[in-house]
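Residue numbers run from 1 in the order of the sequence given. In what follows, every heavy atom counts, from backbone to side chain, and hydrogens, waters and symmetry copies are set aside. These figures come from a predicted structure and were not determined experimentally.
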Amino acid sequence: MRAVRLGAVLRNTPWLMAANVGNAAVTLAAFRDSTMFAWIALWTIFVSVLAVMTGLTWWRTKDKPPRQTASLRGVRKAVIYAGVLSAMWAVLVAVFYFHADAQQKLVLVAITVGMSGGGGFALATIPAASITFGLFMGIGSALALTATPSLVGMNLFALYVIYFVIIVKSSLSLCQSLSARVRAQLAADEQRDVIRLLLNDFEQNASDWLWAADENHIVQRASTRFFELTGKREEEVCGHPLWMVLPCREGDCRTMRNMNGPLGLRQQLDMREPFRDFELCVDQNGKPGIWSLSAKPVFDEMGLFAGYRGVGRDVTAAREARSRIEHMARHDPLTDLGNRVLLGENLDQALTRLAHFNESFSILLFDLDRFKQVNDAHGHGAGDELLEKIAEILGSFATELDTLARIGGDEFAFIHSSARDPKASAELAERIIAALEKPFQLTTGTVRIGVSIGIACAPIDGQDGDTLMRNADLALYRAKADGRNRYRFFDLSLDRAARRRNLLEQELRNALATEALSLHFQPLIDAQSGKVVCFETLVRWTHPTLGPISPAEFIPIAEDAGIVTQIGGWVIRQGCRIAAGWPQDVRIAVNLSPRQFNSPGLFSAIKNAIEETGLDPSRLELEITESLLLNTTGAVESTLAALKGLGVRIALDDFGTGYSSLSYLRKYRFDKLKIDQSFIKDIDTDADSRAIVDAILRLGRDLRMSVAAEGVETEGQFTLLRELGCNEIQGYLIGRPQPLEAITPFLPEAAA
């Protein structure tokens, strides 16, 4: 800053010195006839010598480059010089004004005022020097003009003071303006240096490259990075059209179209408008790549187009990364099949083709059979390995027009766009079922699974995605209900069944909330005495408009809806309350579903029901099925032990079917075994059934368990069971399930 201020003064030095010499000569001429001429001549010589020496100093340094810095010492020297020079002129006025005539006084006043203004402005960039110069000149004038009491002299001095204030104010303003301009220039220089540094670093290290072209799209210059990427020399690039020097992969860049739009490169340049991210396929050392160009048009001072300034970058890695991200967003990470996102997008596209071109298609939903057993027996790692193998097999059935997606753990969806009729989809389903029936060799061993398939065809089964997926899911549900490892097409009966199922679920929740359910009781009698020893509690539901709903229909709905536990809890509470009023030798039996048994609040619910009703725990009999014991856990074992500790009886229902195993009888102490009615119905005609029943009865006696027979309907069955030693009999021969008021006749007999 000091250097700039001193430089401004130095540039004014020749003119200031010339003014000093000229004014000294004028003064000498004005006093040529004065008696003080000799003294004025001496003063003139001194001033002229000082001015000439200063001028010579300036002459020696004028060709040197401007100094970038200046010390405070240099500023002080300027102030001292200004003081010396102005003191010389002050002496002229103060000393010789009294010896001058009127014309000479006028010359002195004029010269003083002129020198004050000229010197003040010449030294304005150094306020201290400017003020010093004017101050000394003012002191000399004051001594001359105020020494004699003259109105003119006083007025002139007053005007000089005003003039001096203006000079000082102007000097300070000029200095401030210069300082602001210098600061702005320094900031601009620094910014320019930073930009130059960044550009140099950009061109040396960045993957991007700069380019410039004239109004004819001829390349004027390009950064080093461009030459490195293309392997071309500067003379092979500059002077040629931009589209001729780019290493386009597919043909000439003049016809190469933007990957994200319809415009070719030359057409884009001819538009003379800014553009961003114009992507081109290029050849990079024999490998495909993608370059992105962005540019801004440049116009001259006349507003005429002067070319482009732009930047190019290699976006191959970014596009590959984006492609990977897009792929991950639409594909399953384990099987690399599509996911729900891709399925939804392609389903929308298929529906669009259906609407515009009447191209029909089908949706197949797959659900693997016995997949859970594979996970349980072989581990989740084996399950993942199996899914990968299945995905590979399913992929072999898909064409380019089809879409295969994994939409859940073991659920898959297939948009069969290449199908033109339901028969083709049926054939595809048959081939998939046959392929997945074969054993799979995993690292942990050989496994066998199956697949259930639901099919919905567009447009006959729906013309929107939600409807088609829902209908395919209903068909899948039917396939699993019909025995699994098969396919089913959607039909309207499935829709009606689904609507009834949804209605029943809602109404069942209302019935549970309003206690609209009821209990029926079926008696069990002692085979020897014929007395009633127990009533099995069965829940019944009569809807006010739909009429009686079979338990075989609403219990599975309650299982799927997750409210079977609430229903079971209500049955236990109501059953205990009712049984508390029966004779002490009559028990009550309640069935527990596996889901209800595994619920965390089962033990507390049973204990609270017993305590609230006062029922003897030994009069409560809980019936469980063998399916509960198939995959026993610590929770199942602890719950059974807690219930036994409470004094409740445990009965094993439907013994002899499903997954019967004698290990259950050794591991758990049951109070009763109930023989399934499938063995009872032909016991009096089939020797094998009779042998099985006899073996179960012997087993029960040896293990000190009571044995009950279910489904007894004839006197012959009853007589044979009694002869074989069966303890309890249950069936239509004894009594059907009836409401509470209808079982009263059985109770006195039991109390007798």
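The two atoms that bring Ser362 and Ile455 nearest to each other are CB-CG2, 4.3 Å, heavy atoms only. Contact record, Ile680 with Ala709: CD1-CB, 3.9 Å, taken as the closest heavy-atom pair. Closest heavy-atom contact between Val451 and Asp369: N-OD2, 3.3 Å.
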Derivation of the side chain to side chain contact (heavy atoms under 4.5 Å, CB included) call for Leu337 and Leu342:
CA-CA 9 Å; Leu337 299 179; Leu342 182 65; over 6 Å; no
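Ion pairing of Glu427 with Arg431 is absent here, as no side-chain N (NZ or NE/NH1/NH2) approaches a carboxylate O to less than 4.0 Å. Remark: Asp466 does not engage Arg470 in a salt bridge, criterion side-chain N to carboxylate O under 4.0 Å. Ionic pairing of Lys389 and Glu392 is not present here: no N-O contact between side-chain nitrogen and carboxylate oxygen is shorter than 4.0 angstrom.
Within the 4.5 Å cutoff, the side chain of Phe366 has no heavy atoms near those of the Leu476 side chain. Looking only at side-chain heavy atoms (C-beta outward), Lys674 and Asp654 stay at 4.5 Å or farther from each other. Side-chain contact check for Asp277 versus Val315: every heavy-atom pair is 4.5 Å or farther apart. Inter-residue side-chain proximity for Arg370 and Val374 is flagged as unmet; no heavy-atom pair is nearer than 4.5 Å. Side-chain contact between Tyr487 and Leu364 is absent, with no heavy-atom pair separated by less than 4.5 Å. In this structure, Leu394 and Thr335 have side chains that are not in contact, with every pair of non-hydrogen atoms separated by 4.5 Å or more. Counting only heavy atoms from C-beta outward, the side chains of Phe655 and Ile696 approach each other to under 4.5 Å. Under the 4.5 Å side-chain criterion, counting only non-hydrogen atoms from C-beta, Arg448 is not in contact with Gln373.
Looking at Thr446 and Gln441, their side chains do bring a donor and an acceptor atom within 3.5 Å of each other. A donor-acceptor contact closer than 3.5 angstrom links the side chains of Asn591 and Glu536. A donor and an acceptor atom, one from each side chain of Asp682 and Ser689, are located under 3.5 Å apart. With 3.5 Å as the limit, one finds no donor-acceptor pair spanning the side chains of Asp367 and Ser452.
The aromatic rings of His327 and His331 lie parallel to each other, their planes meeting at an angle below 30°, with 60° marking the opposite boundary.
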Side chains of residues 551-560: which donor-acceptor pairs under 3.5 Å do they make with residues two or more places apart or in other chains?
| residue | atom | partner | partner atom | Å |
| --- | --- | --- | --- | --- |
| Glu553 | OE1 | Arg500 | NH2 | 3.3 |
| Glu553 | OE2 | Arg500 | NE | 2.6 |
| Glu559 | OE2 | Ser593 | OG | 3.4 |
| Asp560 | OD2 | Arg501 | NH2 | 2.1 |

Could you give the side-chain donor-acceptor pairs of residues 403-411 under 3.5 Å, partners two or more places apart or in another chain?
| residue | atom | partner | partner atom | Å |
| --- | --- | --- | --- | --- |
| Thr403 | OG1 | Asn346 | ND2 | 2.9 |
| Arg406 | NE | Gly408 | O | 3.0 |
| Arg406 | NE | Gly409 | O | 3.3 |
| Arg406 | NH1 | Asp332 | OD1 | 3.2 |
| Arg406 | NH1 | Asp332 | OD2 | 3.1 |
| Arg406 | NH2 | Gly409 | O | 3.0 |

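Looking at Leu697, Asp702, Leu703 one by one, the single match for side-chain contact (heavy atoms from CB on, under 4.5 Å) with Leu699 turns out to be Leu703.
Under the 3.5 Å distance criterion, the side-chain polar atoms of Asp348 are left unmatched by any main-chain donor or acceptor of Glu345. Between the side chain of Asp421 and the backbone N or O of Ala424 there is at least one donor-acceptor pair closer than 3.5 Å. Judged by distance alone, the side chain of Ser417 and the main-chain N or O of Leu401 form a donor-acceptor pair under 3.5 Å. A donor-acceptor pair is defined here as one N or O able to donate and one able to accept, closer than 3.5 Å; such a pair exists between the side chain of Arg486 and the backbone of Arg484.
For Asp671, the salt bridge (charged side-chain N to carboxylate O under 4.0 Å, His left out) test picks out Lys644, with sequence neighbours left out.
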